[in-house]
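For reference, the structure is listed below as structure tokens.
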Amino acid sequence: MERVAVIDFETTGLSPAMGDRATEIAAVILEGGRVVDRYQSLMNAGVRVPAHIEALTGISNAMLREAPPASDVMRAVADFVGDSPLVAHNAAFDARFWDAELARITRKRQQEFACSLLLARRLLPQAPSHKLGALIEFTRLPVAGRYHRALADAEMAASLLLRLEAELVARHQVAEVSHALLRTIQAAPKHQLERCLARHRQAAPADA
DNA sequence: TGCCAGGCCCTCTTTAGGGCCTT
């Protein structure tokens, strides 16, 4: 797979349209099947963290008072990932915050998101849950740190993505996994997954 | 203080409802 950036936001809530803001961002760069670079920062957007969110993430108002401005962090992380295709767990959520925070610094996303949650639903349908933590446990991947902190969650989503890539190659005989193929798979209706994968299989001797 | 959204996907569906995920 080409170079991709796996990102994760911590935020004050679920919806930027309702006034929620990002509090932490992490980006993990995958290249050649391994992590080659990382970025992580708390970010001060000048809003208060609700108590139930602080309990969930461990990110407090006191921590954010010491953090760099959200605008500085978004410029830095956008430059860090460049035009690499993006991946996130439940990407619809992270894409909304990514786009909303970029808009505040008058920048626009240039690349597409792929979603490890939708991919896991397709490729690991037998998992009891498709929450990030449940998938890490199900696949016996290492826990990278505290759940609901940006870098730990981004690292674990990156590990999961590599596992899904390996699954495509070993179990489904996909010749080459690209970000574009991941987006095709996640968007394929379940009953058409096999047909979708068949088009990307390595040429077997019987096919020659 | 507590609340809020939105897309995917299943089913006792499609003229809909509700669970799963993200914080």
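Just so it is clear: chains get the letters A, B, ... in the order the sequence lines come, proteins before strands, and each one is counted from 1. In this text, all values refer to a predicted model and were calculated from it rather than measured experimentally.
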Practice task
Could you work out the separation of dG19(B) and dC12(B) based on their C1' atoms and round it to a whole Å?
Solution key: 15 Å
Problem - Rounded distance in Å between the C1' positions of dT23(B) and dC3(B) - result: 14 Å
Practice task
On DNA chain B, check which nucleotide each of L117(A) and P189(A) is closest to and give me the residue with the more 5' one.
Solution key: P189(A)
Exercise for the section: Please state how far atom CZ in R96(A) lies from atom P in dT22(B), giving the value in whole angstrom units. Expected result: 13 Å
Exercise for the section: With heavy atoms under 4.0 Å as the rule, sort T12(A) into base, sugar-phosphate or nothing. Expected result: nothing
Practice task
Would you indicate, yes or no, if dC21(B) has its OP1 or OP2 atom less than 4.0 angstrom from a side-chain nitrogen or oxygen of S129(A)?
Solution key: yes
Completion exercise
Among the nucleotides dC9(B), dG6(B), dT23(B), whichever has the atom closest to the side chain of H148(A) is dT23(B)
Handout entry: Residue R122(A), side-chain atoms from C-beta onward, closest of dT23(B), dC21(B), dC9(B)
Key = dC9(B)
Practice task
Round to the nearest Å and state the distance from D8(A) atom CG to dT23(B) atom P.
Solution key: 5 Å
Problem - Rounded C1' spacing from dC9(B) to dC4(B) in Å - result: 23 Å
Handout entry: K190(A) vs dC8(B): side-chain N/O to OP1/OP2 distance below 4.0 Å
Key = no
Exercise for the section: When you get a sec, tell me which of dC9(B), dT22(B), dC4(B) is the closest nucleotide to the side chain of L118(A)? Expected result: dC9(B)
Exercise for the section: Specify the separation, in whole Å, of atom CG of L56(A) and atom P of dG2(B). Expected result: 15 Å
Practice task
For K131(A) and dG19(B), give me the distance from atom NZ to atom P, rounded to whole Å.
Solution key: 14 Å
Practice task
Examine the side chains of H89(A) and S116(A) and answer whether a donor and an acceptor come within less than 3.5 Å of each other.
Solution key: yes
Exercise for the section: For D94(A), answer base if it contacts any base atom (sugar-phosphate contacts may also be present), sugar-phosphate if it contacts only those atoms, and nothing otherwise; contact means non-hydrogen atoms under 4.0 Å. Expected result: nothing
Practice task
Pick base, sugar-phosphate or nothing for T57(A), based on heavy-atom distances below 4.0 Å to the nucleic acid.
Solution key: sugar-phosphate
Handout entry: For M156(A), the option from L141(A), L151(A), V143(A) that meets side-chain contact (heavy atoms from CB on, under 4.5 Å)
Key = V143(A)
Problem - Gap between atoms CG and P, on D153(A) and dT22(B) respectively (whole Å) - result: 8 Å
Exercise for the section: Looking at every strand, decide which applies to H52(A) at a 4.0 Å heavy-atom threshold: base, sugar-phosphate, or nothing. Expected result: nothing
Problem - Atom CG of D83(A) with >12 non-hydrogen neighbours under 6.0 angstrom - result: no
Handout entry: Gap in Å between the two P atoms, one belonging to dG2(B) and one to dG18(B), rounded
Key = 26 Å
Problem - A51(A) vs H130(A), nearer the 5' end of DNA chain B by closest nucleotide - result: A51(A)
Practice task
Take the protein atom CG of N90(A) and the nucleotide atom C1' of dC9(B), then report the distance between them rounded to whole Å.
Solution key: 13 Å
Problem - Minimum-distance nucleotide (side-chain atoms of H89(A) versus dC10(B), dC21(B), dC4(B)) - result: dC21(B)
Exercise for the section: For the pair R201(A) and E194(A), find out whether any cationic side-chain nitrogen is under 4.0 Å from an anionic carboxylate oxygen. Expected result: yes
Handout entry: Rounded interatomic separation in angstrom, taking CG from L160(A) and C1' from dT22(B)
Key = 15 Å
Exercise for the section: Classify the nucleic acid contact of F9(A) as base, sugar-phosphate or nothing, counting any heavy atom under 4.0 Å across all strands shown. Expected result: sugar-phosphate
Problem - Working for side-chain contact (heavy atoms from CB on, under 4.5 Å), residues L86(A) and R109(A) - result: CA-CA 10 Å; L86(A) 297 168; R109(A) 171 162 56 96; 4.0 Å; yes
Practice task
Check the surroundings of atom CD in E2(A): do more than 12 heavy atoms from other residues, nucleotides or ligands lie under 6.0 Å from it?
Solution key: yes
Exercise for the section: Starting from P on dT22(B), measure out to CZ on F93(A) and report it in whole angstrom. Expected result: 10 Å
